Each structure stands twice: as structure tokens, then as C-alpha cells.
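Everything below concerns the one structure shown next.
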Amino acid sequence: MDQPDVSQFAGAKPLADGLLAGVLAGVLAAPEQRDVGPSEDIIDSFLRAARTHLGLQVAYVSEFCGNDALYRHVDAPGLEALIKPGDRRSLDDVYCRHILSGALPELIPDTAAEPLAVAMPITSAVPIGAHVSVPLRLEGGELFGMFCCLGPAADTSLTMRDLGIVRVFAQMAAAELQRRQATAVALAAKRAPVARMIDGGGPDMVYQPIYRIGAARAGPVVRRCP
């Protein structure tokens with residue numbers, strides 16, 4: 001994956017250089033070189049970096065599942081009662097569809113300035129004062145879900161340059177999701193013939209003797225699965 005060019009965002013909120021450097025080092029590493037033990041999931045690190053940069057309190061990656069937004073990855077320290085991985089909300093109740101249609105912008109520094117957002121119950125219920133959300137698209141333009149950051153208070157310091165940085169993180173997250181999807185498909189293809197064999201009552205064992213040439217007598221038996 002090519003390193004994202006963030007130089008175009010000069011003048012945006014100051015990036016936490018150490019945090020961004022760590023995130024980029026992780027994403028630039030080959031998948032087999034990534035630490036997949038107790039370390040932070042790479043997509044979670046994208047969310048944390050974006051949320052920290054924006055100065056907001058909640059960040060998440062959602063997947064559209066039917067009429068629901070399923071929260072796959074969440075970074076919301078201290079707000080786990082509000083949102084956590086595995087939670088879901090109806091798409092009728094959240095901003096996603098309105099952002100995709102253009103009825104709401106991807107960058108909302110102050111939801112009070114958007115009549116549609118004000119009219120939605122979730123805005124006051126959460127509450128949502130500032131909101132930044134961009135679509136996650138896989139190869140071929142397939143829509144996966146949304147990469148979103150939000151906070152309870154308005155933040156008029158948020159700019160289009162900040163939105164640009166969130167888009168960079170969303171692109172990296174989409175690339176990682178694409179990689180994981182491809183890995184899952186390849187693994188399923190390898191498992192399919194084994195599953196069919198087991199479903200058919202297999203495996204069948206075949207026993208084959210080993211002969212010692214010249215001695216004309218059988219040796220150990222080799223057991224094979226055909």
C-alpha cells in the first residue's frame with residue numbers, strides 16, 4: 001500500500017506526529033509482519049488517530065447489514081455504555097443514509113446548523129454536537145459502511161482539511177477491510193472441499209503395505225487418506 005500523502009492538509013488541526021507515525025508504520029508493514037497478538041487492531045488505531053486529531057470523543061467503523069448499521073470497530077474511551085463493538089442501530093435512526101444521499105454533509109461542525117440533524121431524535125439523545133462521517137467503499141465501489149467521528153458539543157474549528165484527513169484514514173481502513181475479506185474468501189475456498197468430504201462421510205482410510213525389496217516380506221503399514 002502506498003503511504004498516504006497528508007502534506008495537503010497543512011493548516012488543519014495539529015496531528016499527533018508520534019501517533020500518526022505509529023499508525024502509518026503499522027499499515028505499511030506487510031500483513032504477515034504485523035503484530036496480531038495483544039496489540040491494537042490496525043483499524044482501531046486508525047479510529048484512535050482520527051478521533052485524537054479531531055479532538056472528538058467517539059469514532060467507529062460501521063458495516064451496513066440489511067437495514068442496520070453494525071458497529072464493527074469502536075474507539076470511545078469511557079463511553080462503552082454508549083457504544084461498543086457489536087452494537088447496532090437502524091439506518092432509519094442515524095445520519096448514514098442522509099450523508100450518502102447528500103441531504104447531510106460529511107462534515108458537520110455544529111449539528112444545530114443542520115435542520116435535518118436537529119429533527120432526528122438521535123441528535124439530542126446521544127447527544128451529537130459535531131459529526132464527521134465518510135463512506136467506506138471496497139474495490140469496485142462496493143459500499144461497506146461508514147468511518148465516523150463525533151462529539152457531544154459543536155466544534156466550529158473543524159474544517160474541510162480535517163475532513164480530508166478523515167478520508168485518508170477511511171481509505172486505509174477500507175483497504176484493510178478489503179484485504180481481510182479476500183483472506184476470508186480464500187480460506188473458505190480451501191475449507192470447502194474438506195467440508196464436502198466430511199459431509200459425505202469421509203475421509204476413508206486406505207492401508208498400503210510397504211515391501212522390502214529382496215526380502216519379499218512386508219514391512220510397516222502406511223495409512224493414507226485418499
Side-chain angles (χ1 to χ4, degrees), residues 4 6 8-16 43-44 46-85 87-138 141-174 177:
V6 297
Q8 61 182 303
F9 306 124
K13 287 176 178 291
L15 282 167
I43 295 180
D44 291 336
F46 297 157
L47 289 171
R48 182 166 60 94
R51 182 187 60 77
T52 302
H53 163 68
L54 297 176
L56 297 177
Q57 288 69 44
V58 176
Y60 63 79
V61 161
S62 67
E63 178 181 5
F64 294 160
C65 298
N67 195 51
D68 288 346
L70 173 62
Y71 302 115
R72 290 293 189 185
H73 296 265
V74 176
D75 183 71
L79 298 174
E80 291 78 11
L82 175 66
I83 182 173
K84 61 185 181 299
D87 287 351
R88 62 173 67 210
R89 284 183 181 270
S90 170
L91 289 172
D92 297 330
D93 299 333
V94 294
Y95 292 1
C96 304
R97 282 177 175 162
H98 301 299
I99 292 172
L100 292 170
S101 70
L104 284 176
E106 293 181 350
L107 172 67
I108 309 177
D110 183 0
T111 56
E114 296 289 338
L116 177 55
V118 173
M120 296 181 67
I122 193 172
T123 303
S124 57
V126 171
I128 303 173
H131 191 275
V132 186
S133 186
V134 299
L136 287 167
R137 295 190 183 277
L138 307 183
E142 176 189 353
L143 182 62
F144 179 89
M146 303 293 281
F147 188 107
C148 180
C149 300
L150 60 92
D155 184 352
T156 55
S157 72
L158 294 173
T159 69
M160 292 301 293
R161 292 179 183 270
D162 295 313
L163 176 60
I165 289 178
V166 173
R167 285 174 175 161
V168 168
F169 282 116
Q171 289 168 3
M172 293 193 295
L177 290 166

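Since the model is a prediction, treat every value here as computed from it, not as a measurement. These values consider heavy atoms only, across backbone and side chains, with no hydrogens, waters or symmetry-generated copies. One-based numbering along the sequence shown.
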**Message:** I want to check something: taking the side chain as every heavy atom from C-beta on, are Asp162 and Val132 in contact at a cut-off of under 4.5 Å?
**Reply:** no
**Message:** Parallel, tilted or perpendicular: which one describes the rings of Phe169 and Phe147, with boundaries at 30° and 60°?
**Reply:** parallel
**Message:** For a 4.5 angstrom cut-off between non-hydrogen side-chain atoms, does Tyr60 reach Asp87?
**Reply:** no
**Smallest separation among heavy atoms of Ala59 and Leu47, with atom names** = CB-O, 3.7 Å
**Prompt:** Yes or no on side chain to side chain contact (heavy atoms under 4.5 Å, CB included) for Met146 and Leu100, after CA distance, side-chain angles and deciding distance?
**Reply:** CA-CA 10 Å; Met146 303 293 281; Leu100 292 170; 4.2 Å; yes
**Request:** Apply side chain to side chain contact (heavy atoms under 4.5 Å, CB included) to the pair Asp75 and Asp44, showing each step before the final yes or no.
**Result:** CA-CA 7 Å; Asp75 183 71; Asp44 291 336; over 6 Å; no
**Request:** Look up atom CG in Leu158 and atom SG in Cys149, then write down how far apart they are to the nearest 0.5 Å.
**Result:** 9.5 Å
**Prompt:** What closest approach, in Å, do Leu136 and Ala170 show between heavy atoms, and which atom pair accounts for it?
**Reply:** CD2-O, 3.2 Å
**Asked** Atom CG of Asp92 and atom CG of Asn67: how far apart are they, to the nearest 0.5 Å?
**Response** 4.5 Å
**Request:** Mark yes or no for whether Ser62, through its side chain, and Gly145, through its backbone, hold a donor-acceptor pair below 3.5 Å.
**Result:** no
**Message:** Within the structure provided, determine whether Tyr71 and Pro85 are in side-chain contact (heavy-atom separation under 4.5 Å).
**Reply:** no
**Arg89, CZ atom: more than 12 neighbouring heavy atoms under 6.0 Å** = no
**Request:** Report yes if the side chains of Pro77 and Arg51 come closer than 4.5 Å at any heavy-atom pair, otherwise no.
**Result:** yes
**Item:** Spacing of Ile83 atom CD1 and Gln57 atom CD [to the nearest 0.5 Å]
**Value:** 13.0 Å
**Heavy-atom pair of closest approach, residues Ile122 and Asp93** = CG2-O, 3.3 Å
**Prompt:** Looking at His131, Arg161, Met160, which hits side-chain contact (heavy atoms from CB on, under 4.5 Å) with Leu107?
**Reply:** Met160
**Asked** Taking C-beta and beyond as the side chain, do Val118 and Thr123 meet within less than 4.5 Å on heavy atoms?
**Response** no
**Complete:** CG (Leu104) and OH (Tyr95) are apart, to the nearest 0.5 Å, by 7.0 Å
**Message:** Strictly distance-based, threshold 3.5 Å: is any side-chain N or O of Thr111 a donor or acceptor partner for the main-chain N or O of Ile128?
**Reply:** yes
**Request:** Indicate yes or no: at least one non-hydrogen side-chain atom of Phe64 is less than 4.5 angstrom from one of Cys96.
**Result:** yes
**Minimum heavy-atom distance Leu91-Ala69, with the two atoms named** = CD2-CB, 3.8 Å
**Asked** Between Ala130 and Asp155, which heavy-atom pair has the shortest distance, and what is it?
**Response** CB-N, 4.0 Å
**Prompt:** Tell me the salt bridge (charged side-chain N to carboxylate O under 4.0 Å, His left out) pairs involving residues 58-74, sequence neighbours left out?
**Reply:** Glu63-Arg72, Asp68-Arg88
**Asked** Heavy-atom distance under 4.5 Å between the side chains of Glu80 and Val74, does that happen here?
**Response** no
**Message:** I want to check something: taking the side chain as every heavy atom from C-beta on, are Ser133 and Glu106 in contact at a cut-off of under 4.5 Å?
**Reply:** no
